[in-house]
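Everything below concerns the one structure shown next.
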Amino acid sequence: VPDVVDAMLATGARIGEVLALRWEDVDLAGEVPTVTISGTVVRVAGQGMTIQDHPKSSAGRRRLKIPAFLVEVLLRRQVEQLESTAFNVVFPSAVGTLRDPTNFRDQWRQARDRLGMTWVVPHTFRKSVATVLAYAEDSRTAAGQLGHAGTSVTERHYVARTHEGPDAREHLEAFGQE
């Protein structure tokens, strides 16, 4: 669970997108390490779990520069994951198959409940990435990281805003009078 959460925080990718990452989508040898979000894990009736060959939207296919903490996670996983897995995925299930996003959500729920963080859902990570990038850079950067074609969805649903209240000090000062 922690490695998948690190990947979601480092990329802003959806659970299914992270679970669909294959080793051929990872470039740790380049000047700037990257991952390419090129698909998502889905359940197909009669077939089970598979990797859909495209993310949720056309803008969802993206190459993301990754921070050092995710590079460390991926290097460790490369060393530990000596055997080939189904689809050659980075984050396989315990038995080496594709990991079901629903099962991951259940695992996350158990972990966060033990930690007393019941308010944190997987989408919280995606929203956190959008908010950090929107304030540090701009909404276009946040939208690009999340795989949104424009900024409207990112701004409306993902970036936490602090609204400026009115200047009511003069009226509220009466509460401080003796």
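- No side-chain heavy atom of Leu146 sits under 4.5 Å from any side-chain heavy atom of Val153.
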Between Val4 and Arg99, is a side-chain contact (heavy atoms from CB on, under 4.5 Å) present by the stated rule, with each step listed?
-> CA-CA 11 Å; Val4 175; Arg99 204 164 180 176; 3.5 Å; yes

Which is it for Ile15 and Thr40 under the side-chain contact (heavy atoms from CB on, under 4.5 Å) test, yes or no, and what are the steps along the way?
-> CA-CA 8 Å; Ile15 295 171; Thr40 189; over 6 Å; no

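- For Glu170, the CD atom sits in a loose shell: 12 or fewer heavy atoms of surrounding residues, nucleotides or ligands are nearer than 6.0 Å.
- Residues Ala134 and Ala142 approach most closely at N-CB, 4.0 Å, considering heavy atoms.
- Side chains of Val89 and Thr97 form no contact here, defined as non-hydrogen atoms less than 4.5 Å apart.
- Note that CG of Leu98 and CD1 of Ile51 are 5.0 Å apart. Values are rounded to the nearest 0.5 Å.
- Minimum interatomic distance between Arg105 and Pro122 (heavy atoms only, all atoms of both residues): CG-CG, 4.2 Å.
- Hydrophobic clustering (side-chain heavy atoms under 4.5 Å, transitive across Ile, Leu, Val, Met, Phe, Trp, Tyr) groups Trp23 together with Val18.
- Across all their heavy atoms, Ala143 and Gly150 have their closest contact at CB-O, 3.3 Å.
- At a threshold of 4.5 Å between side-chain heavy atoms, the hydrophobic network of Ile, Leu, Val, Met, Phe, Trp and Tyr places Val120 and Val129 in two separate groups.
- Remark: the backbone N or O of Asp100 is not paired with any side-chain donor or acceptor of Arg43 at under 3.5 angstrom.
- Taking 4.5 Å as the limit, every side-chain heavy atom of Ser93 sits out of range of all side-chain heavy atoms of Met49.
- Side-chain atoms of Tyr135 come within 3.5 Å of backbone N or O of Ala160 as a donor-acceptor pair.
- In this structure a side-chain-to-backbone donor-acceptor pair under 3.5 Å is present from Arg62 to Gln145.
- Follow the hydrophobic side-chain contacts under 4.5 Å out from Leu9 and you never reach Val132; the two are in separate clusters.
- Distance CG/Leu133 to OG/Ser139: 10.0 Å, rounded to 0.5 Å.
- Taken to the nearest 0.5 Å, the CG atom of Asn88 stands 9.0 Å off from the CZ atom of Arg22.
- Leu70 and Ala7 get closest at one heavy-atom pair: CD1-CA, 3.8 Å.
- Separation of atoms NE2 (His148) and CZ (Arg140) is listed at 13.0 Å; rounding is to 0.5 Å.
- Arg169 CZ: 12 or fewer foreign heavy atoms inside a 6.0 Å radius.
- A heavy-atom distance below 4.5 Å is found between the side chains of Leu74 and Ile66.
- For residues 4-16, every residue pair satisfying the side chain to side chain donor-acceptor pair (under 3.5 Å) rule, not counting sequence neighbours, is listed here: Arg14-Glu17.
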Val90 and Arg77: side-chain contact (heavy atoms from CB on, under 4.5 Å), yes or no, with the steps?
-> CA-CA 7 Å; Val90 176; Arg77 290 189 74 85; 4.2 Å; yes

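- The aromatic rings of Phe125 and Trp108 sit perpendicular to each other, their planes meeting at more than 60°, with 30° as the lower class boundary.
- Clustering ILVMFWY residues whenever any of their side-chain heavy atoms sit less than 4.5 angstrom apart, transitively, puts Val71 in the very cluster that holds Val5.
- Asp25 contributes atom CG, which lies 9.5 Å from atom CZ of Arg63 (distance to the nearest 0.5 angstrom).
- Here the closest heavy-atom approach between residue Pro101 and residue Gly16 is recorded as CG-CA, 4.2 Å.
- Residues Met117 and Val121 are members of separate hydrophobic clusters, defined by side-chain heavy-atom contacts under 4.5 angstrom among Ile, Leu, Val, Met, Phe, Trp and Tyr.
- Side chains of Leu28 and Gln78 form a contact here, defined as non-hydrogen atoms less than 4.5 Å apart.
- More than 12 heavy atoms of other residues, nucleotides or ligands sit less than 6.0 Å from atom CZ of Arg76.
- Rounded to the nearest 0.5 Å, atoms CD (Glu31) and NZ (Lys65) are 10.5 Å apart.
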